[in-house]
J.: 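Okay, handing you the structure first.
Side-chain atoms are counted along with the backbone in the values below, which use heavy atoms only and exclude waters and symmetry mates. Each residue takes its place number in the sequence, starting with 1.
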Amino acid sequence: RPWFEALRLLQEATRRDEISYVIVTKRCHGRSDVSTQLLLDAAARSLETSIILRNAVLENFARFFTWEKASQLLCELQRYGPQATVFTLSAALRGFGAVARWPEALASLNRWPTEVDAVTWGAAVDACVHWERTTELFVRLRRRQVRPNAFMYSSLITAHQKAAEWAAALRTVQLAPGSVVALSSALSL
């Protein structure tokens, strides 16, 4: 259903909880104004607006060309809470990647105060579609002894492919463990 149907159902509901707000927020593709209003409405109803709802709003901002708001919200979550998690950062990175804002993705990763997990590194690698930045990021995560997963290899291969860096793409295929994801990226070379 379109976002306005989801919003209408929420407004008509006699009982609302945070999960219903998260679901409607995720349906509001590209409507950062509606996402913001949902967050404010949940707070006004004294619902606990946990990091889950804020992550949904953040990803909606980042994914649909309001990356400046996403960056601001990410900074606010880090400063004021609720406690931002690696899921928060991953949501922002996925959103920044969706609109090719890899510089903001890298800046967010660099500002992050704690160590991130392999999933978050994967979101960062995927967000950095520029092959040189993706390669730098890949080297950086290996220095931190994060074991690259198949999706990271696939993202790196795809970045090389888009830049017509065929030799680098093939070297990456050789490094990748025998995975279906990396192989499918290589087959599209």
J.: Any idea which heavy atoms bring Val173 and Ile157 closest together, and the distance?
T.: CG2-CD1, 3.6 Å

J.: Apply side-chain contact (heavy atoms from CB on, under 4.5 Å) to Ala13 and list each qualifying residue two or more places apart in sequence or on a separate chain.
T.: Arg16

J.: Applying side chain to side chain donor-acceptor pair (under 3.5 Å), name anything that partners Thr172, two or more places apart in sequence or on another chain.
T.: none

J.: Taking the side chain as C-beta and beyond, is there a heavy-atom pair between Asn110 and Arg140 under 4.5 Å?
T.: yes

J.: Of the non-hydrogen atoms in Leu109 and Ala124, which two are nearest, and what is the gap between them?
T.: CD2-CB, 3.9 Å

J.: Check Ser90 against Ala123 and note the closest heavy-atom contact, atom names and distance.
T.: O-CB, 4.2 Å

J.: Does a salt bridge link Glu12 with Arg8, judged by any charged N lying under 4.0 Å from a carboxylate O?
T.: yes

J.: Can His160 and Thr135 be said to form a side-chain contact (heavy atoms from CB on, under 4.5 Å), step by step?
T.: CA-CA 9 Å; His160 289 309; Thr135 302; 3.2 Å; yes

J.: For residues Thr120 and Leu93, report the shortest heavy-atom separation together with the two atoms involved.
T.: O-CD1, 3.6 Å

J.: Can you tell me how far apart CD (Gln161) and CG (Leu170) are? Round to the nearest 0.5 Å.
T.: 10.5 Å

